[in-house]
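Throughout, protein chains are lettered first and strands after them, A, B, ... in sequence-line order, and every chain is numbered starting at 1.
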There are 2 protein chains.
Amino acid sequence: MPDLSSRQVSQLPPLQAIRVFDAVARHLSFTKAAGELGMTQAAVSYQIKVLEERVGSPLFLRRPRQIVLTEAGQRLAPAVGEAFAILGQAYAAARAGADGLLCVTTVLTFASNWLAHRLGSFQIAHPALAVRLETSSRMTDFAREDVDIAIRSGGGTWPGLEVHKLLDADFTPMLSPKLAASIGGINEPMDLLRLPILDPGDIWWTEWFSAAGVHSHDLARRPGSSMGAQAYEANAAIAGHGVAILTRALFKAELADGRLIQPFDLVGDDGHAYWLVYPEARRNVPKIRAFRDWLLAEIAC
Amino acid sequence: MPDLSSRQVSQLPPLQAIRVFDAVARHLSFTKAAGELGMTQAAVSYQIKVLEERVGSPLFLRRPRQIVLTEAGQRLAPAVGEAFAILGQAYAAARAGADGLLCVTTVLTFASNWLAHRLGSFQIAHPALAVRLETSSRMTDFAREDVDIAIRSGGGTWPGLEVHKLLDADFTPMLSPKLAASIGGINEPMDLLRLPILDPGDIWWTEWFSAAGVHSHDLARRPGSSMGAQAYEANAAIAGHGVAILTRALFKAELADGRLIQPFDLVGDDGHAYWLVYPEARRNVPKIRAFRDWLLAEIAC
DNA sequence: TATAGCCCATAAGGAGGCCTTATGCCTGAC
DNA sequence: GTCAGGCATAAGGCCTCCTTATGGGCTATA
């Protein structure tokens, strides 16, 4: 049972009535105020009556052709107008501000290998929208962080979130042409084992070699650190430090210009993918729609 | 049918939710805000949710032990606080102001012959209450004039108004002792007709002479102006200019000190009286109660 | 002086906003 | 591991607030 003795309650005016009062004081007409507020004249009359009872004295004098403020009304009106001006402005600003800044959190690799190149076109298409891009490996919790949209990898089922698949997170070995040439070219999967394996503990390696029919039980014993992001491993591979297992869609450019080669057509796929996600309840927020629509269109290209 | 396209409606925030937001932003706690507002935590949660949907973005981040404002919330909170401060102050001032000034309108005679002597004791008893006294012969319309209490004479039935009888408006002739002596004293009613009759058209004269068994059909033909207020006629009578027909209760002092004499015990009474009146709906307004209680106590003396 | 028109007041009735109760979930502390 | 603190959610009911309909008072125009 709440404590009804709270003074705050009785000290604040009935807000709906105050809003109506503001409109009436500006128009000096119940009928016109009703028009502005989108309600009937009767409702305005009712609210003014309520407020007059709460204030303890009439706020308007009812003259034949018009109404005028009483002394009490004259004292109240300017302050009410000012308060609503502040409130309206702040509220509008909050809405606009909410519309004007889009916070996206994404896994590093997607940001650097996909988004970075294309984000410019989004900003050109939506000049009023500022984008704040954060990269994080943690899975963001929308209730706990100030984020509008996330791009994450995983199975694609998160309750309460709307999801759109972006890319399949397939995987296949890649390396620099120079490294491949250093052992006379890569002809069969087993050749890879003669080279340094980047992040050998990655489950993807085990699955890919298994699919290729190669025993790779010694992988786990190899030294090497998991760098935790394909982008890092890709850089190492481009630099010729070893073989990385990467998602094709994220390295189209590197494959196209020859910085990386994909020696085998065989790609693994554990069903994971990259997803665009955001809270279901916010699916119709303009900036979120804008980003989603743009991203899905770009992906489809 | 109201015009629902009015922009104003959608541009203003849901006020109840804003009020709750203000409390939550100050406490940074739903539970504490609920305590301040005198409602349950669930209600606060509901209102914040409503507001967040209307603003289009979360206003608070839900952290384990506490909540924090999002960027949008931080933009909104200070302005909302300021607006409510203005509003609360103005509202309190309006209530206080409404309590601090009492407007009384009264018929002239009652003011000058009864109220004027005694008003001082009311103001001493209620030092915080300023009294504005207006005299008017018109019957005041509470909806049209900025008046709290009226004192009027009449039959005592006015719909929508609370009435308290103050004095019977009886009437009997009065004149100055000097004028009476000028014709050797007043021994019977007919003697009065040998003197100038003040306001001879007054219905009271007709009624009184009739009750006294005197034919006075020539009264109407006498010259003389109705001054419209007993106070004026009384002054004329005191100055020896004629005989006036007055209400005893209003001229106790003059009768006591001999400025006027009442030659006959016979008093007329047409059922009219002086009444204290105010709108029924305002019977419990403090300043009105204070004045009513004081006035009725004084009358009873 | 009669009539039309404007504006506010009031009554009756209904929809929905808003609050409460009850419960669940999550997290951090002991 | 259990408990406590704090927010979220579902179900249900009250009561505020709005609408429709009507009336009254005044002004203006004929």
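Between Arg63(B) and dT27(C) there is no side-chain polar atom (N or O) within less than 4.0 angstrom of OP1 or OP2. Within the structure, every side-chain polar atom (N or O) of Thr40(B) is placed at least 4.0 Å from both OP1 and OP2 of dC19(C). The side chain of Gln66(A) contributes no N or O atom lying less than 4.0 Å from OP1 or OP2 of dC26(D). The phosphate of dT10(C) (OP1 or OP2) has a side-chain N or O of Lys49(A) nearer than 4.0 angstrom.
Both Ser29(B) and Asp141(B) lie near DNA chain D, and the one whose nearest nucleotide falls closer to the 5' end is Ser29(B). Annotation: of the two residues near DNA chain D, Gln41(B) and Ala17(A), the 5′-most nearest-nucleotide partner is Gln41(B).
Summarising the geometry, the separation between CD1 on Ile48(A) and C1' on dC8(C) is reported as 12 Å, rounded to the nearest angstrom. As rounded to whole Å, 16 Å separates atom C1' of dT27(C) from atom CG of Leu61(B). The interatomic distance linking Phe60(B) (CZ) with dA8(D) (P) rounds to 10 Å, in whole Å. Taking atom OH of Tyr46(B) as the reference point, atom C1' of dA10(D) lies 13 Å away to the nearest angstrom. One atom, CD of Gln47(A), and another, P of dC15(D), lie 17 Å apart when rounded to the nearest Å. In this structure, His27(A) places its NE2 atom 12 Å from P of dC8(C), rounding to the nearest Å. A straight line from CZ of Phe30(B) to P of dC19(C) spans 14 Å, rounded to a whole angstrom. If you measure from atom CD1 of Ile67(B) to atom P of dG5(D), you get 18 Å, rounded to the nearest angstrom.
Ranking dC18(D), dC8(C), dG28(C) by closeness to the Gln16(A) side chain, first place goes to dC18(D). Picking from dG28(C), dC7(D), dC8(C) the nucleotide with the shortest atom distance to the side chain of Arg62(B) gives dC7(D). Of all nucleotides listed (dT27(D), dT20(D), dT9(D)), dT27(D) comes nearest to the side chain of Pro64(A). Distance from the side chain of Ala42(A) is smallest for dT19(D) among the nucleotides dT20(C), dT19(D), dC7(D).
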Inset, instruction - Go through the steps to decide whether Phe60(B) and Phe21(B) satisfy the test ring-ring contact (aromatic ring centres under 6.0 Å, His included), and finish with yes or no. - result: CA-CA 10 Å; Phe60(B) 296 97; Phe21(B) 171 76; 5.5 Å; yes
Inset, instruction - Step by step, work out the side-chain contact (heavy atoms from CB on, under 4.5 Å) result for Ile151(B) and Leu166(B). - result: CA-CA 9 Å; Ile151(B) 292 167; Leu166(B) 299 176; 4.0 Å; yes
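Among the atoms of the strands shown, base atoms are found under 4.0 Å from some heavy atom of Ser45(A).
Cation-pi geometry between Arg289(B) and Trp294(B) is not satisfied (NZ or CZ under 6.0 Å from the ring centre, within 45° of the ring normal).
Ring pair Tyr274(B)/His164(B): centre-to-centre distance not below 6.0 Å. Taking the six-membered ring where the residue is Trp, the centroids of Phe291(B) and Phe122(B) are separated by under 6.0 Å.
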